[in-house]
Each structure stands twice: as C-alpha cells, then as structure tokens.
Amino acid sequence: MTQPSPAALYRSMRLIRSFEEQALALVRSGEIVGGTHPYIGQEAVAVGVCAALDPGDQLTSTHRGHGHVLAKGAEPRRMLAELTGRETGLNRGRGGSMHAADLALGILGANGMVGAGAPIAAGAAWAALRQGSGRVVASFFGDGALNQGVLLETLNLAGLWQLPVLFVCENNGYATTLSVQAGVAGSALGRAAAFGIPAEQVDGMDAVAVHAAAARAVSRARAGGGPSFLECRTYRFEGHHTMERRVRVRYRSAEEIDSWRSRDPLESGAALLAPGEHVAIDQEITELMAEAVEFALAGPHPDPARALAYLYADGLLPRPGHPVEVAR
Amino acid sequence: MTKLSYAKALNRALADELTRDEAVCVFGEDLGAGLSGLTPGLRDRFGAERVVDTPLSEQAFSSLALGAALAGMRPVVEFQIPSLLFLVFEQIANQAHKISLMTGGQITAPVTFVVPGSGSREGWAGQHSDHPYSLFAHVGVKTLLPATPADAYGLLVSAIRDPDPVVLFAPAGAMGVREDVTTELAPVPIGSARVHRAGTDVTVVAAGHLVYEALAVAEELAPEVSVEVFDPRTLYPFDFAALNDSVGRTGRLVVVDDSNRMCGLAAEVIASVVELGMPLRAAPRRVTRPDGAVLPFAIGLDRAVQPGREQLRTAVLATMARH
C-alpha cells in the first residue's frame with residue numbers, strides 16, 4: 001500500500017466538497033428531484049478509508065453515499081448525471097442519489113436502508129475469502145445503524161468467520177435528528193468488542209488519521225486477521241437531508257455546528273500542503289465540476305417505455321400496469 | 001424405475017448443482033444435520049465451506065448471500081420455516097430484488113431462497129403455517145411452487161442457474177410425495193406451466209400440494225365433468241399464455257390457492273382471465289384461505305381454514321350449473 005500524499009487526500013476531499021455544493025445548488029434549482037443527503041463535513045472519513053483500499057477492493061455505502069462513491073473513484077460527471085436522473089448516469093438514472101453504484105470500481109452500491117449494506121459487504125468478503133482473492137471489503141454506516149439488528153448479526157458472522165471486512169462507523173452524532181447519546185446504549189466500540197472484533201476510535205475530521213487506522217485494519221484483513229471496526233468521530237455540517245431546510249427542524253445548536261465547522265477537514269487538509277498549493281487543486285476541481293454539470297444536464301432522460309428495463313437480469317419484462325401503451 | 005421423493009429431489013438438485021458449478025454454495029440453519037430434509041449428506045460431500053451452517057441470523061445471512069452473489073458466487077439460502085420470510089422480506093424484496101434495476105443493470109443477484117415445508121404442517125399453529133408465495137409474486141420476485149418431485153428437481157436447478165433472485169416454496173403437503181422417475185431429471189424452465197390432466201369442461205388452476213387435491217376431485221367427478229388440472233408451477237412469472245389456451249378450450253375457471261383470499265394469487269389469476277375478455281360460460285370461482293387468515297392450532301380449525309377438496313368440488317360443480 002502506497003502512502004497517499006497530502007495533496008492526493010486534499011484533492012479527493014475537495015472533489016467531494018465541490019460535488020456536494022454543486023448538488024445542493026442543483027437541488028435548489030430543481031434539477032435534482034428528491035433531494036440528497038449531504039456529506040459535507042465528513043469528507044475525511046471516505047477519503048481516508050478509500051485511500052487505504054486497493055482498486056480491486058470493494059465497498060458498500062449508505063444513503064449519504066456520495067463521498068464514498070467518489071473517493072473510490074467514480075467519475076463525478078456520471079455521478080452527477082445519476083443525481084439528475086439521466087441515462088448517462090452511473091446507474092442509467094435508475095438509482096439516483098441513494099443507490100449510486102459502479103461495480104467495475106468495486107462499489108457494490110449505496111443503500112437506502114440503514115445498516116443494510118453491512119451484510120452485503122460481509123457476503124462479498126466471504127466470497128473473497130473463498131475465492132482466495134485477497135480482496136478486502138469496507139462497509140460504511142452511520143451511528144444510527146448501530147441499533148439495527150442486522151448489523152449486530154453481521155458483526156457476529158464476520159467475527160465468527162474472520163471475514164476480511166472493515167466496518168466503518170461514521171459517528172456524526174445524529175441518527176437523522178436523534179442524538180447518539182439518546183440512541184446508543186453503551187458505545188460503538190463496545191458493540192464491536194462484544195463480538196471480538198478489534199475496534200478503534202479515530203478523529204473523523206482528519207484524513208491522515210483515518211487513513212492510518214484504515215490502513216492498519218486493511219493490512220490485518222488482507223493477512224487473514226479478520227474484520228476490524230473503526231469509529232470515526234465526525235459531523236455533518238448540513239442537515240440530514242436537503243428537505244430539512246424547508247421543514248426548519250431544530251435539533252442542533254448553532255454553537256455546536258460552529259465548533260465542528262471550525263475543524264473543517266478541508267482546512268486542516270490544506271494546511272498540510274505547501275503554501276498556495278491548494279489553490280491549483282481548487283481551480284482544477286472547479287473546472288472539473290463545471291464540465292460535470294454540463295455533461296450531466298446535457299445527458300438524455302431515460303425512455304419512460306424502458307422504466308423497468310433492468311428489473312430482471314434475464315431480460316424478463318413485467319406486464320404493464322395499464323392497458324394504454326406509453327405514447328412515444 | 002426409481003421412486004424419488006420430493007425432499008430427495010431437492011437434495012439431488014442441490015448436489016448436482018454443487019457438483020456442476022464451484023460457485024454454488026448453501027447457507028442456512030442445521031444444514032449439516034439436514035434437519036429439514038433438503039441437505040442430508042451435502043456437508044460431508046462438499047465441505048462445511050460450501051454448505052455453511054449459520055447461526056440463527058436470518059437477516060444477516062440472507063443479505064450475506066446477496067453480497068456473495070455480487071462477488072461471483074451462486075448462493076442458495078434455506079429457511080427452516082416459511083414465516084422466516086417475513087423476517088427477511090427486507091433482504092429479499094427490498095435488497096436482492098431491487099438491486100438490478102437500481103444499479104441500471106450493472107448488478108445481477110443470482111440468489112436462490114428455498115423454503116422446505118411451506119404452508120400448514122398440521123399442528124404447528126399460527127407462526128409456522130404460512131404459505132406466503134403471493135407476497136413474493138406481488139413484489140415480483142421470481143416465485144416457484146413445484147408440485148411433483150421431478151418439478152421440484154427441475155425448478156430448483158433452474159432457480160440456481162437463474163441470474164435473478166428466486167424464491168422456491170416446497171409445500172409441506174408435497175414434501176412426502178414420491179414419484180416414479182422413468183425419464184432423466186431435467187431443468188424445468190421458469191415461467192412454464194404444466195397440465196397434469198387434460199379436460200374440456202373446466203380449468204382448475206392448482207399449485208403445489210393442491211395439485212393433488214385437484215387431481216382427486218377431477219378423478220372423482222370424471223363421469224360427469226371433464227376437469228383440466230392446470231399447474232402454473234411458477235407463480236411469477238406466470239404462464240398466462242398457457243392458461244389462456246386452457247380456459248379458451250374449457251370456458252370455465254376455478255382457482256384453488258393456499259393464499260389468503262384478499263390480494264391473493266387466485267384474485268390475480270381470475271382478474272387476468274376476465275380482463276382479457278375471454279368468453280366464460282360461468283362465473284369464475286376461487287377456493288382460498290379466508291381473508292387475513294392465521295392458522296389456528298386445533299387440527300379441525302387448521303383444516304377448516306385451508307382450501308380443501310370439498311370446497312373445490314363444490315366450486316367446480318357451481319361452474320357447471322346451468323345459468
């Protein structure tokens with residue numbers, strides 16, 4: 001595993017931040033229908049973990065998945081095309097924000113159900129072990145998933161069978177609006193410890209620290225040492241979902257948000273670069289995103305007559321729900 | 001001539017596929033012991049690495065199988081009782097079934113879920129007697145309900161080879177059936193119906209163990225009524241073309257279905273035939289469990305709730321009455 005340069009970590013974080021800001025703008029302008037779950041503030045986690053993965057490694061992601069998908073190498077323009085529901089999107093416009101996947105890059109999919117990606121990751125890891133591939137699978141989930149039974153069942157299986165999987169808990173303090181103090185008995189690390197899985201807490205606002213911890217875990221998994229659990233303490237600067245601005249819920253104090261914003265992973269990431277080095281990266285990403293927006297919005301809308309085209313892998317087409325054929 | 005039992009047919013299908021394809025593996029509870037009759041001998045033959053005894057963690061191992069499928073395996077998941085499907089509806093209906101469409105066809109999920117002993121096993125009461133195939137057909141998961149040992153073999157083989165998630169229900173009422181297998185066992189195409197007995201007066205649609213009830217009624221009424229026994233074998237996708245042929249010949253339709261009446265399979269079959277405007281000589285009939293049924297324990301009550309031979313005979317005769 002090669003050590004990622006501070007510039008590489010910063011570039012990846014900058015890309016995610018700019019992508020998210022662009023997505024927010026497109027939600028506001030109505031180009032993205034249904035909204036998104038912004039990842040802004042948590043970039044160091046995705047970037048640190050994915051920098052520890054090889055291209056052949058895999059991951060499962062969450063409803064707040066843009067950062068993981070981009071950090072694993074997905075093309076921003078095809079990702080944005082997916083968010084705007086275009087045929088040119090990663091998922092041909094069939095998945096949208098919560099289901100972005102790129103199988104060729106080992107991205108087994110974001111997931112709209114909290115905790116649901118963990119057993120899928122464990123299954124891919126089980127197969128990796130059987131196939132002798134040396135592959136490792138990372139599974140991202142939030143603190144809310146700590147209370148999902150399926151996650152606890154999965155920790156048991158992964159510990160029992162020593163699966164090469166890295167459980168990454170992005171503890172951003174809130175399961176939608178429920179604070180982690182009000183939602184989690186015991187602790188995140190205690191969950192893992194109960195199943196004999198090595199667990200470590202790391203500063204999720206620091207990509208270098210996340211990378212170091214993830215790299216240890218990935219090495220252990222690849223060497224046959226089984227699963228690991230990382231609790232990354234982080235924070236989302238925006239709401240749970242873009243809808244939140246409209247309903248004006250209040251569950252976090254301005255002081256709390258400000259104190260976390262003062263630890264912005266991009267700013268600390270930029271501080272590791274040579275003076276002015278981030279300016280060139282910022283400029284590059286700005287141009288990349290402008291091109292991505294152009295690509296996304298120029299993409300064709302999927303043909304409504306093919307709305308269920310990919311439901312069955314064998315090509316089975318379901319009966320239409322109404323007798324009138326879609327006019328073309 | 002070989003007598004093959006339904007349970008042994010499933011066992012043989014699994015063994016043949018495990019032999020044929022290294023990617024095939026099995027997850028479930030008590031597989032090594034072969035408790036439910038599906039897996040006896042398989043762990044010894046293929047190893048605990050491929051025939052995997054799992055802890056009681058249905059939700060985790062159902063999606064774990066999906067993850068393994070995404071990584072190139074062809075897992076079969078066995079559930080000891082049908083009601084466990086309610087526990088893993090999320091994993092099957094919301095994850096495995098949806099992943100191909102949601103990823104724009106990037107991902108296929110060849111996972112087979114098998115339920116040996118679905119439906120009433122007499123005296124197992126409310127939480128062990130469901131037969132929830134209509135739910136899966138409704139969702140659009142490929143749903144198989146073989147009636148005979150040869151079909152059980154052939155449909156399980158096809159399910160394992162299919163690129164999509166498939167649920168196969170082996171009805172408790174058919175698990176003990178034995179069949180003379182004179183021809184070579186072969187895959188049965190998913191979505192192909194079978195006519196067990198040709199007839200000219202009325203089409204009786206029956207699936208799973210109810211095929212045997214339908215055949216008994218057909219035999220009993222043979223002197224006066226010519227009953228065609230139509231077995232869809234696959235509930236989703238359903239072989240409507242074959243059904244339309246059958247009803248086109250007979251002009252009468254009765255459906256016997258071990259689902260609850262409300263939104264059950266029988267409702268769909270009748271609606272589909274009526275919608276096509278096929279001229280029926282009598283109102284179609286259905287024989288089902290009651291609306292929202294929960295099977296009571298006492299054996300008389302259990303049987304009273306299940307569709308049976310008596311009600312089917314009455315329904316067939318009702319369609320034959322002159323209007």
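Chain letters run A, B, ... following the sequence lines, proteins first and then strands; every chain starts at 1.
Side-chain N or O atoms of A:Glu82 include one that pairs as donor or acceptor with a backbone N or O of A:Asn91 at under 3.5 Å. Between the B:Thr234 side chain and the B:Ile190 main chain, no donor and acceptor come within less than 3.5 Å of each other. Within the 3.5 Å criterion, the main-chain N or O of A:Ile32 finds no donor-acceptor partner in the side chain of A:Thr84.
The only option from B:Leu10, B:Ile160, B:Val76 that meets the side chain to side chain contact (heavy atoms under 4.5 Å, CB included) definition with B:Leu168 turns out to be B:Leu10. A side chain to side chain contact (heavy atoms under 4.5 Å, CB included) with B:Leu18 holds for exactly one of B:Arg74, B:Arg45, B:Arg50; it is B:Arg50. When A:His66, A:His68, A:His63 are each tested for a ring-ring contact (aromatic ring centres under 6.0 Å, His included) with A:Tyr39, only one passes: A:His68.
Between the side chains of A:Thr60 and A:Ser139, at least one donor-acceptor pair of N or O atoms lies under 3.5 Å. Between the side chains of B:Tyr133 and B:Asp257, at least one donor-acceptor pair of N or O atoms lies under 3.5 Å. Side chain to side chain, B:Ser63 and B:Gln59 fail the donor-acceptor criterion of an N or O pair below 3.5 Å.
The contact between B:Gln95 and chain A is made entirely by side chain atoms (from C-beta outward), counting heavy-atom distances below 4.5 Å. Heavy atoms closer than 4.5 Å to chain B are found in the backbone of A:Ala307, but not in its side chain. With a threshold of 4.5 angstrom between heavy atoms, B:Glu90 approaches chain A through side-chain atoms but not through N, CA, C or O. Within the 4.5 angstrom heavy-atom criterion, only side-chain atoms of A:Asn156, from C-beta onward, approach chain B. Looking at A:Leu311, the atoms closer than 4.5 Å to chain B (heavy atoms on both sides) sit in the backbone and in the side chain alike. At a 4.5 Å heavy-atom cutoff, A:Leu151 makes no contact with chain B through either its backbone or its side chain. With a threshold of 4.5 angstrom between heavy atoms, A:Ala101 approaches chain B through its backbone and through its side chain. For B:Ile99, the part lying near chain A is the side chain, with the backbone staying farther off; criterion is any non-hydrogen pair under 4.5 Å. With a threshold of 4.5 angstrom between heavy atoms, A:Leu157 approaches chain B through side-chain atoms but not through N, CA, C or O.
If you tally non-hydrogen atom pairs under 4.5 Å between each of B:Glu58, B:Glu22, B:Met73 and chain A, the highest count goes to B:Met73. Each of A:Arg319, A:Glu153, A:Arg94 has some count of heavy-atom pairs under 4.5 Å with chain B, and the biggest count is that of A:Glu153. Ranked by heavy-atom pairs under 4.5 Å with chain B, the list A:Arg92, A:Met113, A:Arg135, A:Gln58 is led by A:Met113. The greatest number of non-hydrogen atom pairs below 4.5 Å with chain A, out of B:Ser57, B:Ala69, B:Pro165, B:Ser62, is found for B:Ser57. Contact count versus chain B (heavy atoms, under 4.5 Å) is highest, among A:Ala124, A:Gly149, A:Gly95, for A:Ala124. Counting heavy-atom pairs closer than 4.5 Å to chain A, the top residue among B:Ala65, B:Gly140, B:Pro75 is B:Gly140.
Between B:Glu17 and B:Val26, every side-chain heavy-atom pair lies at or beyond the 4.5 Å cut-off.
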